[in-house]
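Just below is one structure, and these are the notes that go with it.
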Amino acid sequence: MKHPIATFILASTAFTSFPALAEEIPASALPALRAAAGSLSTQLAGDLKRELAANGPESAIQVCRDKAPQIAGELSRNNGWKVTRVSLKARNPLLGMPDAWEQTALQKMQERLAAGEKPETLEVMEVVKEPAGRFLRYAKGMPTQTLCLTCHGAAAEMAPGLKAKIAAAYPRDAATGYTVGMLRGAVSIKQPLD
Ligand code: HEC
């Protein structure tokens, strides 16, 4: 792996929002952020797999819908952070729509993916200053796995019952058309520093 600081400097200079000096970025925070993002993705994939096998995709909708915000909420409360899942093509605009920093982070990760980086290694970290204080922002890419295609793959190939159920619940769904290895979204963590 590349030295993390080098990556942070690259990421910081490319951002339009108040980039902090590289030495201000607490790289020691990274293991905990990675662990939290990893635990969200791993728990979610495990629960999805189990529910898909046991009761099928229509029933598994509630895993991506209810379980993900539940795990993110627990991680947020336990750490004093804001943990969310976001995407440039969200299914649920209320929870899945990225803010300006997250949009830029997702775009950067897309570019790095296109340049040949592995989707599972994509992450961005930066310290930002906002009216409410300084925040550590972290985004960890969520790669599209085979398991995700049932509900985020080509809309034309989606089972009709499932398609109808998703269309009814998410009239502005943009989260289809993915293939394995694409970036489905990111786990985003915002940590107050002051
Ligand atoms: C059984 C169907 C289903 C499967 C399988 C599924 N998802 Fe989802 N996904 C959904 C639904 C429904 C939502 C909207 C959740 C909500 O209401 O916030 C969603 C939302 C998301 C979001 C939040 C951003 C958005 O689009 O609103 C991400 C990120 C995401 N899914 C990633 C994944 C990944 C990664 C996988 C594979 C590991 C996966 N999903 C598998 C149904 C599914």
Side-chain angles (χ1 to χ4, degrees), residues 33-77 81-110 112-113 117-125 137-190:
L33 296 165
R34 278 190 182 146
S39 108
L40 174 60
S41 293
T42 310
Q43 282 187 65
L44 190 61
D47 287 352
L48 274 171
K49 228 173 261 173
R50 264 190 302 278
E51 190 60 26
L52 282 168
N55 299 310
E58 287 183 45
S59 170
I61 286 179
Q62 46 92 18
V63 176
C64 225
R65 187 192 64 206
D66 301 335
K67 192 77 196 194
Q70 187 195 319
I71 300 166
E74 278 163 20
L75 288 166
S76 300
R77 281 188 294 277
W81 303 338
K82 182 180 173 189
V83 183
T84 50
R85 271 189 329 172
V86 291
S87 173
L88 289 173
K89 294 198 321 164
R91 172 155 290 163
N92 180 359
L94 178 65
L95 292 176
M97 190 93 83
D99 69 15
W101 186 87
E102 289 160 341
Q103 287 177 41
T104 312
L106 283 161
Q107 268 163 1
K108 280 280 130 204
M109 289 193 279
Q110 294 276 36
R112 284 162 50 187
L113 183 67
E117 286 188 45
K118 293 207 169 70
E120 62 274 14
T121 63
L122 295 170
E123 61 184 345
V124 176
M125 183 162 144
R137 308 269 343 225
Y138 175 74
K140 173 89 180 97
M142 293 183 93
T144 306
Q145 308 166 38
T146 309
L147 153 78
C148 318
L149 298 181
T150 313
C151 302
H152 296 295
E157 285 164 26
M158 210 182 276
L162 176 68
K163 197 173 173 176
K165 216 170 162 183
I166 289 179
Y170 304 98
R172 300 189 65 88
D173 180 24
T176 54
Y178 288 89
T179 52
V180 170
M182 284 172 83
L183 198 60
R184 173 65 267 271
V187 179
S188 172
I189 302 180
K190 186 171 181 179

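Counting convention: from 1, in listed order, for ligands and their atoms alike. Residues take their numbers from the sequence shown, with the count starting at 1.
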So salt bridge (Lys or Arg N to Asp or Glu O under 4.0 Å) across residues 83-103, not counting sequence neighbours, yields R91-D173, D99-R137, E102-R137
- Message: Are the side chains of M109 and L106 in contact, using a 4.5 Å heavy-atom criterion?
- Response: yes
Closest heavy-atom approach to atom 24 (C) of ligand 1 among S41, G96, P69, A169 is made by G96
The closest protein heavy-atom partner of atom 20 (C) of ligand 1 is R85 NH2, 3.4 Å
Note: ligand 1 atoms sitting under 4.0 Å from heavy atoms of I61 are 1 (C), 12 (C)
Honestly, for M142 the part within reach of ligand 1 (heavy atoms, under 4.0 Å) is side chain
Any protein N, O or S atom under 2.8 Å from atom 8 (Fe) of ligand 1? Found C64 SG, H152 NE2
Of all protein heavy atoms, the one nearest atom 18 (O) of ligand 1 is N92 ND2, 2.9 Å
In ligand 1, the atoms that come under 4.0 Å of a heavy atom of A60 are 1 (C)
- Can you find a pair of side-chain heavy atoms, one from L44 and one from V63, that are under 4.5 Å apart? yes
(Q) Using side-chain heavy atoms (C-beta onward) and a distance below 4.5 Å, is Y170 in contact with N92? (A) yes
Taking only non-hydrogen atoms of Y170 and a 4.0 Å limit, the atoms of ligand 1 in range are 12 (C), 14 (C), 15 (C), 16 (C), 17 (O)
ask   = Is P57 near ligand 1, meaning one of its heavy atoms is under 4.0 Å from it?
value = yes
Checking M142, E123, R34 against V187 for side-chain contact (heavy atoms from CB on, under 4.5 Å), the one that qualifies is M142
Side-chain donor-acceptor pairs under 3.5 Å in residues 53-61, sequence neighbours left out?
from	atom 1	to	atom 2	distance (Å)
N55	ND2	E51	OE2	3.0
S59	OG	E51	OE2	2.5

For M97, the side-chain contact (heavy atoms from CB on, under 4.5 Å) test, sequence neighbours excluded, returns P93
Separation between CG (L48) and CD (Q62), nearest 0.5 Å, reads 9.5 Å
In the structure I gave you, are the side-chain heavy atoms of L149 and V180 within less than 4.5 Å of one another anywhere? yes
In ligand 1, the atoms that come under 4.0 Å of a heavy atom of L147 are 5 (C), 38 (C)
Q. Hey, is the main chain of A139 close enough, under 3.5 Å, to the side chain of S188 for a donor-acceptor pair?
A. no
